[in-house]
Amino acid sequence: MKSTIETLISAALAALPPDLLGAEARATRPEVERTRDASHGDYASNVAMRHAKAARQNPRALAEAIVHALPADPSIARVEIAGPGFINFHLTAAAYHGELGAIIDRGAGYGVQPAGSGEKVLLEFVSANPTGPLHVGHGRHAAYGAALANLLTAAGHSVHREYYINDAGRQVDILAVSVWLRYLERLGEDVPFPSNGYKGEYLLPIAASLEAEASHKLRHSAAAIRTGLPPDEPEGGDKEQYVDAIINRSRELLGEDGFRRIVDHALGGMVADIRSDLAEMGVTFDRWFSERSLSTNGAIDEALRRLEQSGHTYRKDGALWFRATEFGDDEDRVVERENGVRTYFASDIAYHLDKRLRGFDRLIDVLGADHHGYVARVRGGLAAMGEPPDSLEVPLLQLVSLYRGGEKVAMGKREGNFVTLRQLRHEVGNDACRFYFVMRSHDQHLDFDLELAKSRTTDNPVFYIQYAHARVASVLRQLSERGLEHDVVRGRASLEHLTEPHERRLMVAMTRYPEVLALAAATRAPHTLVNYLRELANEVHSAYAAGNENAAHRVIVDDETLRDARLALFQAARQVIRNGLAILGVSAPDTM
RNA sequence: GCGCCCGUAGCUCAGUUGGAUAGAGCACCGACCUUCUAAGUCGGUGGUCGCAGGUUCGAAUCCUGCCGGGCGCGCCA
């Protein structure tokens, strides 16, 4: 509907004499938006005000000329000039009826742009370290990323979802040692657990499966492990030195192959846990990308080669530095240490180069707000390697706080009472989880109230929207219980019977859906869709409740044509709610 | 100190990339059940859009400077 207006205005602009309007003004796409106030019609455009200055015209006079040049169209009832020079379009009822028909025809595809009409997008999200279970904060990333992927797909982009597994570096060695020590514990070997190890119970089943798989083959005596180790922190030593010493000892005793076997087992266990956690939440990925693979397949070599060739590196103190300051970073960054080991940053730029080389136009990394410092750096890396830095886009998600009925839930790994994503999902359910995590703008700190998320009242927006869907389903059940049927063809042919103001408002609300979808995708803002669905649900409830005030306004009335028309209206509304909830990853139940 | 984000009703937040008289939900006051699910609907009270300048036909929105809050500034990952 919006594009119809845009086309009409463009045609009008093209028809104006050149001395009245320059070529530039003709070429720009006219801005058209829904009106806030119904008295201003359905759509409004500010083109006249936009171009008044360049055209040396009074905005209202220019608007006059534009309106005069507008081609006739059956969807336009009348056009008015208002205020400082707005052009207001009042649509005909037929225009809405046509759109309502489109909703019924296209069903789940309503509002969706043709696949492949947009960009090739690589969307990376969650990418939590595989050293512990996902917690509540990761839940926001999962819900946001999954909803954004759906939004972008609906907007016609081709979206590839990726999880970057940090399976390289010291943390992985610590993970492996932690699992090994739990394994040895099971076999009765008494080795004190490093204070810097991963102490969580989630490693116990992984240690158990290691025992089941390897039996005693990876066993070494406690004495052999402990002999000659420096003191751990509780004994007055340094916990970092201690854990490094025990990693080295493990390598000596197990050999590189044995140690690698434990690393792989531990990582495999953790990644499997994370993957199933996300899958239960309805969040899946097209690829789980291994950081380690970047060093084994030469991707890092290639990235560093590009940096050096383009002259953006130098040697200092034996290390290889990237001139990040040339690309707006605060300081230069080391990419290869004196000992030849590449830094995490080197993997990062290699990973992003790899994404580009795989042919993606747009790289979107969903990151926590605490990673913002990293954005300029990676962009700089891309630029230095000859890739467009703007191809990388990074929505930064703010923190999540949990509340239980107004009381803030203390969270912190130190207190040992941090809430896992699994616990949260089991307590409030997947629907509330998915919904609440995307309810607020991503750059807004999120307060997640557990009690509210569980409540089955109108304060709870997820129930409010689902209830609107269920109510329509209930009407359809009533219909068949009364032995009646919905004649779809007659309904579609009788839409002109929908003359009540609340029916009109409902049609207006549901036909906004494609515009909201496009906006939400373009601004990477699923919460826009959430707010819209709440408004649409309100119109559904309102139209439904009109039947309580006055039985003549019910859907199921004796007049068959009117009944079928109203059934078409409510069916369409239900379809749009269902489509919107699907994007968010929330179910649309028929009964509640 | 530098960088990023935020500041809108008593509370939690929207605000269609600069539009017309700034909106929801909660809370508070009131109206509507012989009901297609009242798990709902409708109305009312409530604002110096942090402050001060600037840009222009027009600013909550863009720019500058302050004030307040959050986060980040490793040859860790």
Side-chain angles (χ1 to χ4, degrees), chain A residues 31 33-37 39-40 44 46 49-50 52-53 58-59 82-86 88 129 131 166 168-172 174 240 291 316-321 329-331 333-339 341-345 347-348 368-376 396 398-399 403 406 439-441 443-447 449 452 455-461 463-464 466-468 470-479 481-482 502 512 515-516 518-520 522-523 527-528 530-532 534-535 538 541-549 551 553-557 566 570 591-592:
Chain A
E31 278 179 52
E33 54 184 27
R34 291 270 179 170
T35 56
R36 243 174 245 171
D37 190 331
S39 69
H40 295 144
N46 60 2
M49 293 180 291
R50 260 262 125 80
K53 200 172 201 177
N58 172 304
F86 288 103
N88 292 339
N129 278 335
T131 53
N166 296 115
R170 195 172 79 113
Q171 55 171 359
V172 172
I174 299 178
E240 303 290 350
E291 177 192 352
K316 192 181 96 185
D317 304 333
L320 184 66
W321 293 72
D329 202 356
D330 305 337
E331 45 191 308
R333 306 287 167 180
V334 170
V335 287
E336 189 178 87
R337 296 179 204 129
E338 194 176 354
N339 61 10
V341 176
R342 274 72 183 270
T343 59
Y344 185 80
F345 175 62
S347 309
D348 265 342
D370 52 345
H371 288 75
H372 71 83
Y374 149 114
V375 180
L396 295 168
Q398 296 292 324
L399 290 174
Y403 284 80
M439 193 167 60
R440 302 298 182 208
S441 170
D443 51 19
Q444 195 75 235
H445 181 102
L446 179 70
D447 289 335
D449 192 319
L452 183 60
S455 75
R456 319 192 118 235
T457 64
T458 174
D459 338 348
N460 187 351
F463 273 91
Y464 183 79
Q466 288 180 319
Y467 180 42
R471 258 186 154 173
V472 177
S474 168
V475 171
L476 300 174
R477 275 195 303 278
Q478 273 288 324
L479 188 74
E481 275 170 28
R482 295 186 196 180
H502 57 261
R512 274 173 55 209
E515 294 153 32
V516 171
L519 178 73
T523 55
H527 78 280
T528 303
V530 170
N531 290 324
Y532 164 75
R534 212 193 311 212
E535 287 163 23
N538 181 29
H541 287 306
S542 185
Y544 179 93
N548 289 346
E549 303 281 330
H553 291 162
R554 291 192 188 166
V555 177
I556 304 176
V557 287
R566 284 183 179 163
F570 277 79
T591 58
M592 292 183 69

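Lettering of chains follows the sequences in order, A, B, ..., and the numbering in each one begins at 1. Every value quoted in this text rests on a predicted model; they were computed, and no experiment measured them.
Side-chain proximity of A/V555 to the nucleotides B/A20, B/C36, B/U41 is greatest for B/C36. The listed nucleotides are B/U16, B/G74, B/C71; the one nearest the side chain of A/R34 is B/U16. Taking only side-chain atoms of A/W321, from C-beta outward, the nucleotide of B/A14, B/C36, B/C75 with the closest atom is B/C75. In the set B/C36, B/C42, B/A20, the nucleotide with an atom closest to the side chain of A/N538 is B/C42. Comparing B/G74, B/A39, B/A77 against the side chain of A/R333 picks out B/G74 as the nearest. With distances taken from any side-chain atom of A/P84 to the nucleotides B/C57, B/U16, B/C36, the minimum falls on B/C57. Between B/U56, B/C36, B/G18, one nucleotide has an atom nearer to the side chain of A/K53 than all others, and that is B/U56. Side-chain atoms of A/D37 lie closest to B/U21 of the nucleotides B/A14, B/U21, B/U41. Nearest to the side chain of A/A470, among B/U37, B/C75, B/G72, sits B/U37. In this structure, the nucleotide among B/U17, B/C57, B/C76 sitting nearest to the side chain of A/E33 is B/U17.
At a cut-off of 3.5 angstrom, counting only N and O atoms as typed in the model, there is no donor on one side facing an acceptor on the other between the side-chain of A/D370 and the base of B/G72. Contact annotation: side chain of A/N88 to base of B/A20, donor-acceptor pair present below 3.5 Å. A donor N or O paired with an acceptor N or O is found under 3.5 Å between the base of B/U16 and the side-chain atoms of A/R36.
Rounded to the nearest Å, the gap between the C1' atom of B/A39 and that of B/A52 is 49 Å. Spacing between B/A27 and B/U21 at atom P, rounded to whole Å, works out to 32 Å. B/C5 and B/U48 are spaced 27 Å apart, taking the P atom of each and rounding to whole Å. The P atoms of B/C63 and B/A24 are separated by 29 Å, rounded to the nearest whole Å. Separation of the P atoms belonging to B/U55 and B/U61 is 15 Å when rounded to the nearest angstrom. Atom name C1', nucleotides B/G19 and B/A59: the rounded distance is 10 Å, in whole Å. When the C1' atom is used for both B/A60 and B/G47, the distance is 12 Å, rounded to whole Å. With P as the reference atom, B/A31 and B/C71 are 47 Å apart, rounded to whole Å.
Note: NE2 (A/H40) to P (B/A20) measures 9 Å, nearest angstrom. A/N548 has its CG atom 8 Å from the C1' atom of B/C33, to the nearest Å. The distance from atom CD of A/E549 to atom P of B/C42 is 9 Å, rounded to the nearest whole Å. As rounded to whole Å, 13 Å separates atom P of B/C36 from atom CG of A/L479. Separating the CG atom of A/N166 from the C1' atom of B/C76 is a distance of 12 Å, rounded to the nearest angstrom. One atom, CZ of A/R170, and another, C1' of B/A77, lie 9 Å apart when rounded to the nearest Å. In this structure, the CG atom of A/D447 is 15 Å from the C1' atom of B/G25, given to the nearest Å. Put simply, CD on A/E31 is 8 Å from P on B/G19, counting in whole angstrom units.
Within 4.0 Å of A/A376, counting heavy atoms only, lies no atom of the nucleic acid at all. No engagement by A/A468 is indicated, since no non-hydrogen atom pair under 4.0 Å with the nucleic acid exists. Heavy atoms of A/F463 sit nowhere under 4.0 angstrom from any nucleic acid atom. Within the nucleic acid shown, A/N46 comes within 4.0 Å of at least one base atom, counting heavy atoms only. Residue A/S347 is classed as having no contact, given no heavy-atom separation below 4.0 Å to the nucleic acid. Across all strands shown, A/Y544 has heavy atoms under 4.0 Å from base atoms, whether or not it also approaches the sugar-phosphate.
Considering only heavy atoms from C-beta on, A/N129 comes within 4.5 Å of A/Q171 through its side chain. Considering only heavy atoms from C-beta on, A/R512 comes within 4.5 Å of A/E535 through its side chain. Contact of the A/R337 side chain with the A/T343 side chain is registered, since non-hydrogen atoms from C-beta on lie closer than 4.5 Å. Residues A/Q478 and A/V555 have side chains not in contact (no heavy-atom distance under 4.5 Å, counting atoms from C-beta outward). At least one side-chain heavy atom of A/E240 sits under 4.5 Å from a side-chain heavy atom of A/R170. Residues A/F86 and A/T35 form no side-chain contact, since every pair of their non-hydrogen atoms from C-beta on lies 4.5 Å or further apart.
Remark: A/S542 is in phosphate contact with B/C42, judged by side-chain N or O atoms under 4.0 Å from OP1 or OP2. A/Q444 has no side-chain polar atom (N or O) that falls below the 4.0 Å cut-off from OP1 or OP2 of B/G70.
One distance of note links CG of A/N166 with OH of A/Y344; it measures 3.5 Å at 0.5 Å rounding. Within the model, atoms NE2 of A/H527 and CE of A/M439 stand 11.0 Å from one another, a figure rounded to the nearest 0.5 Å. Rounded to the nearest 0.5 angstrom, A/R554 CZ and A/E549 CD are separated by 11.0 Å. How far CZ of A/F345 is from CG of A/D329: 7.0 Å, rounded to the nearest 0.5 Å.
Comparing A/L446 and A/T591 against RNA chain B, the residue whose closest nucleotide sits nearer the 5' end is A/L446. Sequence order on RNA chain B of the closest nucleotides to A/R337 and A/R477 puts A/R477 first from the 5' end.
B/A20 has A/F86 stacked on its base ring, the centres lying under 5.5 angstrom apart and the planes within 30 degrees of parallel. Under the stacking definition used here (centres under 5.5 Å, planes under 30°), the residue A/H445 fails to qualify as stacked on the base of B/G70.
Annotated as syn: B/C33, whose O4'-C1'-N torsion sits within 90° of 0.
The ring pair (Phe, Tyr, Trp, His ring centres under 6.0 Å) check on A/H541 picks up A/Y464, A/Y467, with sequence neighbours excluded.
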* Per-nucleotide pairing state of RNA chain B [Watson-Crick or G-U, under 3.5 Å; [ ] pseudoknot-crossing; | other strand] -> (((((((..((((.....[...)))).(((((.......))))).....(((((..]....))))))))))))....

